[in-house]
Every structure is written in structure tokens, then in C-alpha cells.
Peer 1: 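Right, I'll just put the structure down here and ask away after.
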Amino acid sequence: MTAQPRSAAPLDDLTARLPNLAITTDDLSLYGTDVYYGAEHLPAALVRPWDETDVVKLVQAARELGFSLNMRGGGLSYSAGYLAKNDHSLLVDLSAMTEIIELNLTDRFVTVQPGVTWSALRDALRPHGMTTPFWGTFSGLHATIGGSVSQGAKFYGSASRGGSAESVLGLRVVTGRAEILTTGSASATGRASPFFRNYGPDLTGMFLGDCGAFGIKTAITLQLIPTAKEEAYASFSFDDPAAQMGAMAQIGAELLASECSGIDPFTARTRMASQGFLSDLKTIGQVVTEANSLTHGLRDAALIGLSGRRFANKIGYLMNTIVEGQDRHEANRKIKRVRQIAKDAGGRAVPASVPRVMRKIPFPPMNSLLTPSGKRMAWLHTVVPNSRGGEAFTRTEAVFTRMKDELKQHGIAHGYLLSTHGPTAVGVETLIRWPDAPLPLHLHFMSDAEQAALKRRDDNPAARAVLKRLSNEILADWKDLGGVHVQIGQKYPYFETRQPEVQTLLRQLKALHDPDGIMSPGNLFELRDDH
């Protein structure tokens, strides 16, 4: 069924009430998809607020006119978190709210509007020698801070400092009642400042990872820490991915790395092979340009150029680690311990080309949402306690083994992204590839030349049906392991897996902050794993 827009009459009323807001019905098909899902309904319109006052007026108008609101940042999620669930939803595009409101180097915090990207914030902080503890995702060129703290995000800094939520000191949120709530120390009635997260109950946490179900973030305050003066890199090949998970857990438990991740052999080979010689040269040039010194830049460029893809066909599961230190001694001490942990777990040291490129170009263009052969990709992840990382991997792989004949019949293949999450947890993420027609969002980030060269696949509902059953089996195993998820949206089973008392509290919070149910309907409170 083709999604259809709603009648224009209510939009006329909305436009009349909000003449200063950008309201458009152009190109709605783009906003009816994310990286994986296509919505049953297109949004009635795209609305782009410029500031908090606009957001308050929008929520007021939505309540009075009967619209639902779905919030979108960079648009690169894969859990239907901003897709319309009905024919009277407005897509609230927060990407125009890009102001850095306050940068306080003395008290070590920065307050931003929700549309600021991780890349833009990193550029703004770099001259001051500062960073946030968690500083972004792979998609940080487009991924916004508002979207990341609403959905939950992990990667840069996560191996020792946690995910996006752990860096947040406070928020300003417009609820479904069109009320503005300030959380953290800034909620004081006197001479308030957002320098501290807790004074009494942690009200900030209630709005982190809520996927927009409780309100719209209009300001986010993040902690600042000094940027590391030195870095060290190490990569290891493992024949036993379960043993690799144990090594990654130990590296996290000892707070040794800023990033520690692993990929399967096929993904490693594909990533290295897809760069090409000219891309390697471009990378080397950027490494030299961005290095703290010319000597360090030439050293890194030489290592990347010499090792490059040369080892890619000889590796098993590849673990890539980046450690930071305030001096070379600290960095060397940490990387030495990382090497020992990896060796004890059966890892073999290989050239550290991948983590070097990753650190020099942390936010690559998002023009590779499809495989080089034009296949779609789906991601499915869980985070489990350190002690269950190996079991999470082996049970996930067992599902693929049980279904291998059916998967092969439909051209479905898979790989992994493994990750470390601070001292207590590790993550397993499947990278599933299958032949299917691209969605508008996949093409949005590609140039005309890239689109012209793309191998176009036919629509493949049969493969998607198999993928749905595969995902449900994997999710059932992860649930049994006590696994949790970020980017819950409408994909992961959150509400139905909570204890009855917790479900009651969640319902009460929803009724309090969003009595009309207009904020991101379906997020958190309902599983929706297929469209």
C-alpha cells in the first residue's frame, strides 16, 4: 500500500496559527522512511521550528487541532522512531535549531540546541582543547545531539565513558502539555546554572532514551573534559569471537580505551577493499593535515599507507582499540595492558590501520547506507553484561545457523559489529545484508553520479518477511539474556518487557507529560517490527 498524505484543511489552520514557522508538504516520501523502515503513513507536513518559542506554539496548536508530533534529527535511525503512525502526524524537523547556547570552560559544560550535530560540536570545542565524554556516532556528520540523547547513542568515548546519556548534565524539554521543564541544577529558582545533574531525584534521566515520548528537547547541557594529548592504537585478529568478547569486556572493566570495537572477517575485508587506492591517498592527506604535528601526521600516514588493506585477507574477527592519555607515558601504559589482555584471550596483533583512519576521520559521509552491490542493510543490536557477551554472540550466531538454508535462498547474509560499553557491558550488533529496493533515505545522501552508478535492486517483500522472523528469534534470545537496547523507537520490545509496577509508572508519566498522546505515538509503548 502506498502511503498517502492527509487532507490539507487542518494544515491551513495550522499555517494560519503559526505564520512564522516553516511548514511544507514537499518531498514527504523522504520523511516516510528511515534507514530500515517505510511508514504506513506519510506525515501530514514537515514543520521546522527555529527556537523553543516555536516549539511551544507548535505543541499548543497540535493539541488544539488534533495533530500528533514525531521528532526528527539527522534522520539516520533504523527503529521507526520518527515515522508517522497515523495520517495526522506532523514531522518536527529540529535540524534548524543549531545554536551553541553557552560554552562555559570554567564550569566545564556546553549547552546546545537539539539540531547541533556531533561533528559541528567537535569543531567548536577543538580550539579550546575540550570534548564531551561521549562525542558522537559514526553518523555524526548528520546525527544531532537532540536525536542522540532522545534515542540513546553509543560509540566515540563509550568504551570507558558510556553512551550519550552519561554525558548529559541537564535538559530543557517542552512536554505534551506545552509546558517547559528544566532539569538538573538549572531548575533552581535562584541563581541557577546547568553545571550539575542531580539535586534530589534525577529528573534528567526520565527524558533520556525516551524516543520523544515524553517531550521535545530544546536545550541539552553536556559535560566537558580536556581532550587527550596523546593516543595509541592497536588491532588484533581473533579466531574465537566469544573469546574476543571476553577481551573487550576486560578492556572496558579496566577503563583502558576510549573506543574498543570488533568486526567480522567479511566486513573487515569489505571495508578495506572498498576504500580503493585514491581513497587511501585522500585519507593520508587528511591525516597529515589534521595531525597535531607534521611529524605525527607523516608517521600515521605512512603506517596507514604501508599496512592499508594488505593484511585484510589474513585476519579473523578484527578488534580495533583506541586509547587516550594526557601524556605519552599514560597512553603507552594503557595500550601495553590492552595488548596483554588481547594476547591472553588468543588475539594476534595486526597493523592498526582501521582505528587510525577511524580517529582521523570519525564522521564519514553517509553515502554508504547500501552495500557496493546495492544491497540493503539492517542493524539489530543488544547490550549485555560483561559476563554474557560471549554467550550473546554464540546464541545470535546459532540463529543464523538454524536458518542458513532459508537465508541463503533469499540472498540474506550477515556480519557483526561488537562493542565495549564502559566497565559493565558489551554489545553485539548484527549487520544484515539482502537484495531489496532502496528507500528514499538511502538515495538522499548519494550524489547524482553515485545514484547513476548504483545497481538497482527489485522490491523484495519475501526477503523482508524472512528477515522479520530472523529478527524476532534473535530478539527472543537477547531478551532471555537480559539484553537492553538503544534507539528503541517502535522496533525493540521495551514496554512489554517491563515489570508490571514499572509499566504502571510509565503509563503515569505518559499521562502526566502527554495527556493527549500526541508525542511520538508508538515509541516505547508498543512493539512495531514490520511495515
Side-chain angles (χ1 to χ4, degrees), residues 1-6 24-47 68-93 95 139 142-143 147 151 211-212 366-371 373-381 410-412 430-446 450-451 454-472 475 485 487-493 520-524 526-531:
M1 181 180 70
T2 302
Q4 298 293 327
R6 195 191 189 204
T24 180
T25 57
D26 295 338
D27 201 20
L28 291 180
S29 61
L30 171 63
Y31 302 104
T33 64
D34 64 6
V35 175
Y36 178 66
Y37 287 105
E40 296 174 355
H41 304 280
L42 292 181
L46 179 77
V47 183
S68 297
L69 300 176
N70 293 83
M71 282 57 78
R72 185 181 191 269
L76 286 162
S77 63
Y78 60 88
S79 55
Y82 62 80
L83 300 186
K85 191 173 172 61
N86 53 55
D87 66 355
H88 52 276
S89 290
L90 301 174
L91 187 60
V92 185
D93 179 5
S95 63
S139 56
H142 304 280
Q151 289 270 54
C211 301
M366 287 291 102
N367 56 356
S368 300
L369 296 175
L370 302 171
T371 72
S373 63
K375 288 186 176 181
R376 291 263 301 275
M377 292 189 285
W379 292 263
L380 195 69
H381 79 271
H410 291 277
I412 301 173
T430 62
L431 310 175
I432 305 173
R433 306 174 293 274
W434 80 102
D436 205 346
L439 297 175
L441 188 73
H442 298 136
L443 306 178
H444 177 68
F445 293 100
M446 300 175 70
E450 289 167 336
Q451 290 191 38
L454 179 68
K455 179 178 180 180
R456 298 295 180 113
R457 302 280 184 165
D458 294 330
D459 187 56
N460 196 346
R464 292 197 299 274
V466 173
L467 183 55
K468 176 184 177 181
R469 288 194 290 107
L470 172 73
S471 300
N472 286 340
L475 286 172
H485 313 278
Q487 286 199 41
I488 299 168
Q490 299 177 42
K491 184 182 187 73
Y492 292 106
S520 299
N523 283 6
L524 297 189
E526 180 178 328
L527 176 65
R528 184 173 75 172
D529 60 1
D530 191 48
H531 294 287

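Keep in mind it's a predicted model, so treat the numbers as computed, not measured. The analysis underlying the following values was restricted to heavy atoms, covering all of them including side chains, and did not include hydrogens, waters or symmetry mates.
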Peer 1: Within the side chain of Gln487, is there an N or O that forms a donor-acceptor pair under 3.5 Å with the backbone of Ser77?
Peer 2: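 Checking the backbone N and O of Ser77 against the side chain of Gln487, no donor-acceptor pair under 3.5 Å is found.
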Peer 1: Quick one: side-chain contact (heavy atoms from CB on, under 4.5 Å) partners of Ser368, sequence neighbours excluded?
Peer 2: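 For Ser368 there are no side-chain contact (heavy atoms from CB on, under 4.5 Å) partners, ignoring immediate neighbours.
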Peer 1: So, do Asp27 and Ser29 sit near enough that their side-chain heavy atoms are less than 4.5 Å apart?
Peer 2: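 Contact flag for Asp27/Ser29 side chains = yes.
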Peer 1: Could you pull out the closest heavy-atom pair between Thr33 and Pro440, with the gap in Å?
Peer 2: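 Between these two residues, the closest heavy atoms are CG2-CD, 3.7 Å.
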Peer 1: Restricting to ring-ring contact (aromatic ring centres under 6.0 Å, His included), what partner residues turn up for His442, sequence neighbours left out?
Peer 2: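 Partners of His442 by the ring-ring contact (aromatic ring centres under 6.0 Å, His included) criterion come out as none, since no residue qualifies.
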Peer 1: Do the side chains of Gln451 and Arg456 get nearer than 4.5 Å, heavy atoms only?
Peer 2: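 They are in side-chain contact.
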Peer 1: Verify side-chain contact (heavy atoms from CB on, under 4.5 Å) between Ile432 and Ile412, making sure each step is shown before the conclusion.
Peer 2: CA-CA 7 Å; Ile432 305 173; Ile412 301 173; 3.6 Å; yes
Peer 1: Side chains of Leu91 and Leu69: closer than 4.5 Å at any heavy-atom pair?
Peer 2: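 Not in contact.
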Peer 1: How about Leu76 and Leu369: do any of their side-chain heavy atoms sit closer than 4.5 Å?
Peer 2: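 Yes, their side chains come closer than 4.5 Å.
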Peer 1: Can you tell me how far apart CG (Leu46) and CG (Leu90) are? Round to the nearest 0.5 Å.
Peer 2: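 Here the interatomic distance stands at 9.5 Å.
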Peer 1: Indicate whether any N or O donor in one side chain lies under 3.5 Å from an N or O acceptor in the other, for Ser373 and Thr371.
Peer 2: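 Short answer, yes.
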Peer 1: For Asp93 and Gly73, work out which heavy atoms get closest and say how close.
Peer 2: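 For Asp93 versus Gly73, the nearest heavy atoms are OD1-O, 4.3 Å.
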Peer 1: Could you report the tightest heavy-atom contact between Ala463 and Trp434, atom names first, then the distance?
Peer 2: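 Residues Ala463 and Trp434, closest heavy atoms: CB-CD1, 3.7 Å.
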Peer 1: Can you see which heavy atom on Pro438 is nearest to which on Leu370, and at what distance?
Peer 2: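 In terms of heavy atoms, the two residues are closest at CB-CD1, 3.9 Å.
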Peer 1: How close do Gly411 and Pro435 get, heavy atom to heavy atom, and via which atoms?
Peer 2: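 Of all heavy-atom pairs spanning Gly411 and Pro435, the closest is O-CD, 3.2 Å.
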Peer 1: Should the pair His485 and Tyr492 be assigned to parallel (<30°), tilted (30 to 60°) or perpendicular (>60°) ring geometry?
Peer 2: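 The arrangement is parallel - the two ring planes meet at less than 30°.
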Peer 1: Let me confirm one number: the CG-CG distance from Leu454 to Asn367, rounded to the nearest 0.5 Å.
Peer 2: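 Atom-to-atom, Leu454:CG and Asn367:CG are 11.0 Å apart.
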Peer 1: What salt bridge (Lys or Arg N to Asp or Glu O under 4.0 Å) pairs are there with at least one residue in residues 431-442, not counting sequence neighbours?
Peer 2: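 For residues 431-442, and leaving out neighbouring residues, the salt bridge (Lys or Arg N to Asp or Glu O under 4.0 Å) pairs sorted by first residue read Arg376-Asp436, Asp436-Arg464.
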Peer 1: Would you find a donor on one side and an acceptor on the other, under 3.5 Å apart, between the side chain of Tyr78 and the backbone of Asp34?
Peer 2: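 No, Tyr78 side chain to Asp34 backbone: no donor-acceptor pair under 3.5 Å.
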Peer 1: Within the distance-only criterion (no hydrogens, no angle test), does the side chain of Tyr82 pair as donor or acceptor with the backbone N or O of Cys211 below 3.5 angstrom?
Peer 2: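 Flag not set: sc Tyr82 to bb Cys211 has no pair under 3.5 Å.
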Peer 1: Would Leu83 and Tyr31 count as a side-chain contact (heavy atoms from CB on, under 4.5 Å) if you check the C-alpha gap in whole Å, the side-chain angles of each, and the deciding distance to 0.1 Å?
Peer 2: CA-CA 7 Å; Leu83 300 186; Tyr31 302 104; over 6 Å; no
Peer 1: Do Asn472 and Arg469 make a side-chain contact, defined as non-hydrogen atoms from C-beta onward lying under 4.5 Å apart?
Peer 2: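 Heavy-atom side-chain distance check fails, nothing below 4.5 Å.
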Peer 1: Looking at His41 and Ala84, what are the two nearest heavy atoms and their distance?
Peer 2: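 Closest approach of His41 to Ala84, heavy atoms only: O-CB, 3.6 Å.
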Peer 1: With no hydrogens and no angle check, is any side-chain donor or acceptor of Ser79 less than 3.5 Å from a backbone partner on Gln490?
Peer 2: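 No, because the side chain of Ser79 does not come within donor-acceptor range (under 3.5 Å) of the backbone of Gln490.
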Peer 1: Would you say the side-chain atoms of Ser68 and Asn86 include a donor-acceptor pair closer than 3.5 Å?
Peer 2: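 A pair is found: one side chain offers a donor N or O, the other an acceptor, under 3.5 Å apart.
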Peer 1: Run Arg72 and Asn70 through side-chain contact (heavy atoms from CB on, under 4.5 Å) and show every step you take.
Peer 2: CA-CA 7 Å; Arg72 185 181 191 269; Asn70 293 83; over 6 Å; no
Peer 1: Are Leu441 and Val35 close enough that some pair of their side-chain heavy atoms sits under 4.5 Å apart?
Peer 2: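 Of all side-chain heavy-atom pairs linking Val35 with Leu441, at least one is under 4.5 Å.
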Peer 1: Evaluate Lys491 against Leu380 for side-chain contact (heavy atoms from CB on, under 4.5 Å), listing each step before the verdict.
Peer 2: CA-CA 9 Å; Lys491 184 182 187 73; Leu380 195 69; 3.4 Å; yes
